[in-house]
Amino acid sequence: MELRSPITAIKGIGSRTEQRMQKIGVYTVGDILLHYPREYVQYKPPQKPSEIRQEGHHAVIGRVMSVPVLKRTNRMELVQTKAGDLSGTIELVWFRMPYMKSKLKLGEIYIFYGKAKKKGRSYCMEQPQVYTFEQYQEKMQTLQPVYGKTEGLSNQTILKTIRQALDALPLSYDYLPEFIRKKERLCEYNFAVSQIHFPDDMQQLILARRRLVFDEFFLFLLNIQFRKEKKGSVRNAYPIQTETVIPYLLSHLPYDLTRAQKKCLDEVIADLKSGYVMQRLVQGDVGSGKTIVAFLCMALMGENGYQSALMAPTEVLARQHYETFVNMCQTYELNRVVILLTGSLTAKEKRTAYERMQMYPDAMIIGTQALIQEKAVFQNLGLVITDEQHRFGVRQRETLAEKGASPHILVMSATPIPRTLAIIIYGDMDISVIDEVPARRLPNKNCVVGISYRNTAYEFIRKEIEQGHQAYVICPLVEESEELDAENVTDYAKKLQAYYRGEVTVGCLHGKMKPAEKNRTMEAFAGGEIELLVSTTVVEVGVNVPNATVMMIENAERYGLAQLHQLRGRVGRGEAQSYCIMVDNAQSRESKKRLDILNHSNDGFFIAGEDLKLRGPGDFFGIRQSGDLAFAIADIYQDAEILKLAAEDVKWLLDADPALEKKEHKALLAIVKQDREEGFSL
């Protein structure tokens, strides 16, 4: 068995399980080892049934109080019993596990671990795991990995598959130069892979994760250095001869640009007029007005006879940009053609778009990844803008740039990355920051509440909807988890439908939906057909809905601060007052301290900086940051110091061996070449 062997090479993985594995991105044996846990569960101290105060995962110690009964129905067999003591009992049920009847002995004491649900005045537990006191004491010393999975694929199946892969595979060669490994005190690669899945204890897990995070940053930065063209070395083939359109547009806009927008625009124009190709990152907080800057730059390129292209991460957002640009061109009487190209267009519509791209060498072209398809041929492409860059692979951005003869590159990101980290991640790019929000936009009103506030929040949402507005509810999970106590989109949407009794139109959105279905849902929400959207974090870069005024975030304690700030940026995009309700399920001192920062600040860059300060070496449980560069395990906020070390080591390595020709660097060179062939992406 090898890393490249198909996943079916592992015993017990048939075609059906293979298909389910592919849904989570696992095709080979190597892939399953890189499917890192999303969280770890630490078993809690056992408690009596009478001590349970709320639903969720519990370890319950109790004596079997009634003879286990096996019942048979047309559909399945189930075993029922009760356990506890004189102070209270809990009902226990196992489905399709008839052997539990003989396994459990009347009068014996066991520890039952599972999800307790309210049933009348007491609680019930379905499918609990059963341990003796000694067995459970052992479990309490370990960390249990929890994986991202799909329907029909259990956490146990993934665990078993990973264990088999680790047992069957030969040790991998540690490609990291020994000097770097010793300098940064990094553990050996094989040890790290084993411990990330089956940690002996917290200390070993921290060591393993640190090594894998370093590798991810190191290889990413090494790839970037191999790919990039040195700044200033490519001559500008698209000189700006006239620039009357920008003063004209600025004098006709119904608002003034902020100081930060003007400064950013001046920097971009200076780049476009310079003798060299622009490579610039524009960082702008959510709602800071990056889109108008993009429009002005594209209008300037069109005035000078050049095409420009804007690539958006979703079809809905691309269509919104298209409609906005068309309206502005009509309103301000710009003689400019705007072309839309997305994957959902019909064959005829695509042919028309391709023809217009050839006919109009000064057009504004807006689309999704359809812009980088082979049939999309540009005429005189002078400027490439990628919106929400972190959602695109490096190869995709390069492919779009290759559609022209060294066009200018402008990357727009709403992720508030501290400048020191942005300089590392974006290499030789110049950086502009739009750190002001237009005065016409009211800042969000924020509040952090406990779960007892939910019904009050639901009624507040009802009032906002009655006034003609819309709302979001964000949940961390797609569906109910056997391992995690967190709200899920599927059940929450049903709960709200029942609560509002048809008076509010509730929609559901998550990453497991098919692209066409996601687009339909987002378009329905943008069009006002859906009044309340229950979603996972996929809405971060989804759609601009100025009419949405409430964002309610469940399990807010499980997100990074920067991500919470990104999420609440989905509201407050219109002129009405907007609100963000963060539900803190943990109610711990730590979560209150973290969420209090968001409660009192709407400044994304300040929040990102505070996020860096608050995270400790073992603070990586819960939902990973997203909205930043999409690394598999690394987090640019939490792992900022490791990112800086990796950047220093990449510089040292390439200064010493620019082509990685030395014998000890051959393994690294092979990885870089493989990544380039397979399409290295973020």
Side-chain angles (χ1 to χ4, degrees), residues 1-41 76 95-97 99 127 129 142-175 188-199 208-209 211-212 215-216 219 393 395 477-484 490 510-518 624 630-633 667 670-682:
M1 191 186 298
E2 299 177 351
L3 288 171
R4 289 175 176 265
S5 300
I7 194 67
T8 49
I10 294 177
K11 186 179 178 182
I13 304 295
S15 59
R16 185 173 294 180
T17 306
E18 179 188 24
Q19 289 172 4
R20 290 167 179 163
M21 287 280 187
Q22 289 173 356
K23 286 183 179 179
I24 61 170
V26 172
Y27 295 85
T28 67
V29 175
D31 289 340
I32 194 69
L33 296 184
L34 297 178
H35 187 65
Y36 300 126
R38 62 177 294 172
E39 187 161 10
Y40 299 85
V41 171
M76 71 182 81
F95 301 102
R96 297 188 178 92
M97 297 172 68
Y99 57 86
Q127 307 295 96
Q129 299 165 38
T142 63
L143 294 159
Q144 305 297 313
V146 179
Y147 296 90
K149 50 189 186 292
T150 189
E151 188 177 354
L153 189 65
S154 69
N155 201 68
Q156 196 58 37
T157 298
I158 296 173
L159 265 173
K160 183 181 175 183
T161 306
I162 291 171
R163 196 179 291 280
Q164 284 181 271
L166 287 171
D167 290 343
L169 284 169
L171 293 177
S172 298
Y173 177 75
D174 198 326
Y175 50 81
E188 193 271 333
Y189 178 75
N190 293 280
F191 174 83
V193 172
S194 176
Q195 288 292 313
I196 202 70
H197 292 292
F198 303 105
R209 187 182 178 280
R211 166 62 200 265
L212 296 174
D215 281 20
E216 201 165 13
L219 292 173
R395 173 66 64 85
L477 302 179
V478 174
E479 54 203 11
E480 187 178 15
S481 168
E482 285 297 320
E483 297 85 16
L484 305 179
T490 309
H510 55 76
K512 290 184 181 179
M513 294 164 66
K514 292 179 180 177
E517 191 180 358
K518 277 195 286 189
R624 286 188 65 253
F631 292 108
I633 193 170
I671 290 173
V672 171
K673 284 182 175 178
Q674 180 182 321
D675 283 339
R676 295 183 75 173
E677 289 168 6
E678 295 179 358
F680 176 68
S681 63
L682 301 181

What I'd like to find out is whether the side chain of Phe198 reaches to under 4.5 Å of the side chain of Thr142, using heavy atoms alone. no
Donor-acceptor under 3.5 Å (Asp31 side chain, Thr28 main chain): yes
So CD1 of Ile7 and OG1 of Thr161: to nearest 0.5 Å the spacing works out to 6.0 Å
Expected output: side-chain His510 to main-chain Leu477 donor-acceptor under 3.5 Å: no
When rounded to the nearest 0.5 angstrom, what distance separates NZ in Lys149 from CD in Gln156? 11.0 Å
Measure from the side-chain N and O atoms of Asn190 to the backbone N and O of Asp174, and report whether any donor-acceptor pair falls under 3.5 Å. no
Would you compute the distance between atom CZ of Arg96 and atom CE of Met76 and round it to the nearest 0.5 angstrom? 4.0 Å
Is there a donor-acceptor pair closer than 3.5 Å between any side-chain N or O of Gln127 and the backbone N or O of Phe95? yes
Distance from Glu18 atom CD to Gln22 atom CD, nearest 0.5 Å? 5.0 Å
Can you find a heavy atom in the side chain of Ile196 that is under 4.5 Å from one in the side chain of Ile633? yes
What is the minimum heavy-atom distance between Ala192 and Ala208, and which atoms define it? O-CB, 3.4 Å
Should Glu2 and Val29 count as side-chain neighbours, where that means a heavy-atom distance under 4.5 Å? no
Determine, stepwise, if the pair Tyr147 / Ile24 fulfils side chain to side chain contact (heavy atoms under 4.5 Å, CB included). CA-CA 10 Å; Tyr147 296 90; Ile24 61 170; over 6 Å; no
Heavy atoms of Pro145 and Tyr40 approach each other most closely as CA-CD2, 3.8 Å
For the pair His197 (side chain) and Arg163 (backbone), establish whether a donor and an acceptor sit closer than 3.5 Å, ignoring hydrogens and angles. no
Rounded distance (nearest 0.5 Å) linking atom CG of Leu166 with atom CG of Leu171: 10.0 Å
Minimum heavy-atom distance Leu33-Ala165, with the two atoms named: CD2-CB, 4.0 Å
Return the orientation label for the Tyr189 and Tyr175 ring planes: parallel under 30°, perpendicular over 60°, tilted otherwise. tilted
Taking every heavy atom of Ile158 against every heavy atom of Gly148, the minimum-distance pair comes out as CD1-O, 3.8 Å
Are any side-chain N or O atoms of Arg20 and backbone N or O atoms of Gly152, one a donor and one an acceptor, separated by less than 3.5 Å? yes
Taking all non-hydrogen atoms of both residues, which atom of Met1 and which atom of Ala9 are closest, and how far apart? CE-O, 3.4 Å
Under the 3.5 angstrom rule, does the side chain of Thr490 hit a backbone N or O of Val478 as a donor-acceptor pair? yes
With a cut-off of 6.0 Å (strictly less than), are more than 12 heavy atoms of other residues, nucleotides or ligands near NZ of Lys160? no
Interatomic spacing from CD1 in Ile13 to CD1 in Ile32 - rounded to 0.5 Å: 7.5 Å
